[in-house]
Amino acid sequence: TLTWGNVSGISRADRRVVIKPSGVEYESMALDDMVVLDMEGRVIYGRLRPSSDTPAHLELYRAFPAIGSIVHMHSQYATMFAQACREIPIERFAGLDPLATPGVVVAGHAPFVWGKNCADAIRNGFILEKIAELALGTLQLNPGASPLPAHIQNKHYQRKHGPDAYYGQKR
């Protein structure tokens, strides 16, 4: 919505991050508007101020070396959970592969999602939003709904992403 949210990408080899400038509408942005930073947040290239969420982007890049891009958004349903300081009932990413759990809902703010590249991060944003919408509907229909047992959650995950995955087509 308007200028809400931002996108960044990283060149690990160059230790540089490219991020959307703060408050600039996407429709009017040009390539020269993007801001290039070092990993300490110092501007290397760009005439505009980087996103106000730059520190969070840099922290995620430092914490998770597999991440290639981050999207911060204020999508409707995921932001409702964030603003209500409620977790979406999905597993947390502490101790997990960050590409297997590519997002976090920041309490009192909005979600951040990531991926191997920008397209992957944006796709994960759409997935998080759909999960939040489904979770909200579930909680509205049954406020006392409890999470699925861990073995069922694992089965759902492993059937699609595990070493013996059987969901979808063979590659």
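Index from 1, following the sequence.
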> Do Arg159 and Asp164 meet the salt-bridge criterion of a basic N to acidic O distance under 4.0 Å?
Replying inline: no

Would you say the side-chain atoms of [X] pair up with the backbone N or O of [Y], donor to acceptor, closer than 3.5 Å?
{"X": "Asn142", "Y": "Thr138", "value": "no"}
{"X": "Asp53", "Y": "Ala56", "value": "no"}
{"X": "Asp33", "Y": "Ala30", "value": "yes"}

Tell me, do [X] and [Y] make a side-chain contact under 4.5 Å, heavy atoms counted?
{"X": "Ser22", "Y": "Leu48", "result": "no"}
{"X": "Ile19", "Y": "Ile70", "result": "no"}
{"X": "Val106", "Y": "Phe112", "result": "yes"}
{"X": "Trp114", "Y": "Val104", "result": "yes"}
{"X": "Met34", "Y": "Met29", "result": "yes"}
{"X": "Arg42", "Y": "Leu37", "result": "no"}
{"X": "Pro21", "Y": "Arg49", "result": "no"}
{"X": "Glu87", "Y": "Val105", "result": "no"}

>> Looking at Arg86, I want to see if its CZ is surrounded by more than 12 non-hydrogen atoms of other residues, nucleotides or ligands under 6.0 Å.
In response: no

> Would you say Arg123 has more than 12 foreign heavy atoms packed within less than 6.0 Å of its CZ?
Replying inline: no

>> Hydrogens and angles aside, do His57 and Ser8 bring a side-chain donor and acceptor to less than 3.5 Å of each other?
In response: yes

>> Looking only at side-chain N and O atoms, does Asn6 offer a donor or acceptor that is under 3.5 Å from a partner on Tyr26?
In response: no

>> Angle between ring planes, His72 versus His109, binned at 30° and 60°: parallel, tilted or perpendicular?
In response: parallel

